[in-house]
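Below: the structure, in structure tokens.
Naming: A, B, ... by sequence-line order, numbering from 1 per chain.
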2 protein chains.
Amino acid sequence: MSYCDTCVVRNRAICAALDTNELEALNKIGRRRMLEPGDSLIWEGDDSVLVANVIDGVLKLSTGTEDGREQIVGVVYPADFIGRPFGSTTRHSVTALTEATVCVFARGDFDNFAAEHPGLEHKLLQRTLAELDRTRRWMLLLGRKNAEEKIATFLMDMVERLGKPEDGDREVTIALPFSRQQVADVLGLTIETVSRQFTKLKKEGVIDLPSRREVVILNRTALEDRAG
Amino acid sequence: MSYCDTCVVRNRAICAALDTNELEALNKIGRRRMLEPGDSLIWEGDDSVLVANVIDGVLKLSTGTEDGREQIVGVVYPADFIGRPFGSTTRHSVTALTEATVCVFARGDFDNFAAEHPGLEHKLLQRTLAELDRTRRWMLLLGRKNAEEKIATFLMDMVERLGKPEDGDREVTIALPFSRQQVADVLGLTIETVSRQFTKLKKEGVIDLPSRREVVILNRTALEDRAG
DNA sequence: CGGCTAATTGATGTGCGTCAACGCTCGTGG
DNA sequence: CCACGAGCGTTGACGCACATCAATTAGCCG
């Protein structure tokens, strides 16, 4: 009996490429780990010793300059893959934003396992290609969009990732996994600018802000218009 | 006798994973194509019908907003891979910056071939992971660095990619494959700001600008200091 | 030499950062 | 149960880095 049998991301994570026997073998080299918000799994510049699948929760990938400026370079959700296989060092930290559960592997073990299971590598390749596409589209936001467009695009992205499919075009409430500072670090802005843009959208009736961590999207079309 | 036998990137591109027979088969489904500066191989939003290896030259990957702002999201060099396998649409244009030669494949053909050659997929995975790392580091530049730091980082990157290894720490001349506008599109700046930063570095004796497309790095340490 | 485009340089404007004060929320302990 | 404090978020006043607009110059090809 393995953890994998009851894993909620069994069919969505890269593990979906494996049959029962292979999964048994993978299970032997992995272990579960719980993280509290703020806990880091990997530090920037570390030797790449761990890789993992996200089972539950949201985590950020981030880098910074020596003088303390930070940029969040990726956000991972359940079924996403974390870490740098086939490489010596990790170029960004991985930190939990919410309570999270991950399925970790020693990188060496995982590399060896992957080398013998092309199906797994194929899934990982697909995931990596999709992530690269997503990351590149975010570059357009960072390089060329103004604060209003950044916030609007960010909120649209949140709806896409956290909204339920049945929501259709109705109003949606999002539970943000980010503090204001973290939103700023995703968008390349300051906390004050983020705050001002939020209240501006609220005054214009596009969103509502019932609490610090909640955003209600009242008018999705208006948001799209502002996303640039 | 196949093209591949004389291919200058034979041992550096993902094809390095293949033996002679396999290469023969790959050669059958690919063909060479020459591009002039400005020629596009793939357009943003197109169905993903082509993938390719770069044999010679430099190409840009770019996206833009509806109102014409552009962001260069990647630059590819000889031996790099272009295009989106295993996916339906392409999210960015691919355009030659210099004269270029590429080895193109119909995406469907390539997908099928790759599925039967795990070694090839492994190379592609490694390349994609490295590119994702590189892209994410560029996000720090776009989101958090000021104009001076952006230009310095850009020039350091150019030295790394275009400089010869034997240069050591001596002064290096770089033949930029970019116009000023394209430099601006890489860095998320305007052409005027790029120009002013270049002349500022020149006045300070860090670089020299013998012609429009050439930059001489006179003081690499000073450049590093400015890269943030 | 003339004409065309790219690049530079200058003058002015503004969006967002910076600095500072204030307010809200929630947890803790008297 | 309320007082208090600590942290996060909001709001305001101000300044600056970079964008914008405009004019000039440099490089390049006939």
Contacts satisfying side-chain hydrogen bond (donor to acceptor under 3.5 Å, both in side chains) that involve residues 199-219 of chain B (not counting sequence neighbours) are Glu148(B)-Lys200(B), Glu204(B)-Arg226(B), Ser211(B)-Glu214(B)

Contact residues, residues 62-70 of chain A to DNA chain D [heavy atom, < 4.0 Å]
none

Report the end-to-end axis angle of the helix from dC1(C)-dG30(D) to dG30(C)-dC1(D); each axis comes from five terminal pairs, and the value is rounded to 10°.
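The angle, to the nearest 10 degrees, is 30°.
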
Contacts of Ser40(B) meeting side chain to side chain donor-acceptor pair (under 3.5 Å) (sequence neighbours excluded), chain-then-number -> Thr95(B)

With sequence neighbours excluded, give me every ring pair (Phe, Tyr, Trp, His ring centres under 6.0 Å) pair touching residues 125-151 of chain A.
none

Going by the ring pair (Phe, Tyr, Trp, His ring centres under 6.0 Å) test, which pairs reach into residues 173-196 of chain A, not counting sequence neighbours?
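Listed by first then second residue: Phe154(A)-Phe178(A).
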
Could you tell me which residues satisfy salt bridge (Lys or Arg N to Asp or Glu O under 4.0 Å) with Arg144(B), sequence neighbours excluded, listed by chain and number?
Asp185(A)

Outermost contacting nts on DNA chain D, any atom under 4.0 Å from chain A heavy atoms, listed 5' then 3', are dG7(D) to dA13(D)

Strictly by salt bridge (Lys or Arg N to Asp or Glu O under 4.0 Å), give each pair with a member in residues 56-76 of chain B just once, sequence neighbours left out.
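As it turns out, the salt bridge (Lys or Arg N to Asp or Glu O under 4.0 Å) pairs with a partner in residues 56-76 of chain B, which skip direct neighbours, are Glu149(A)-Arg69(B), Lys60(B)-Glu70(B), Asp67(B)-Arg69(B).
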
Mind jotting down which residue pairs meet the salt bridge (Lys or Arg N to Asp or Glu O under 4.0 Å) criterion with at least one end in residues 82-94 of chain A? Sequence neighbours excluded, please.
Arg84(A)-Asp133(B)

Which letter, B, S or -, goes with each nucleotide of nucleotides 7-19 of chain C from 5' to 3', with contact meaning a protein heavy atom under 4.0 Å?
SBBBB----SSBB

What residues, two or more places apart in sequence or in another chain, satisfy side-chain contact (heavy atoms from CB on, under 4.5 Å) together with Ile191(B)?
Arg180(B), Gln181(B)

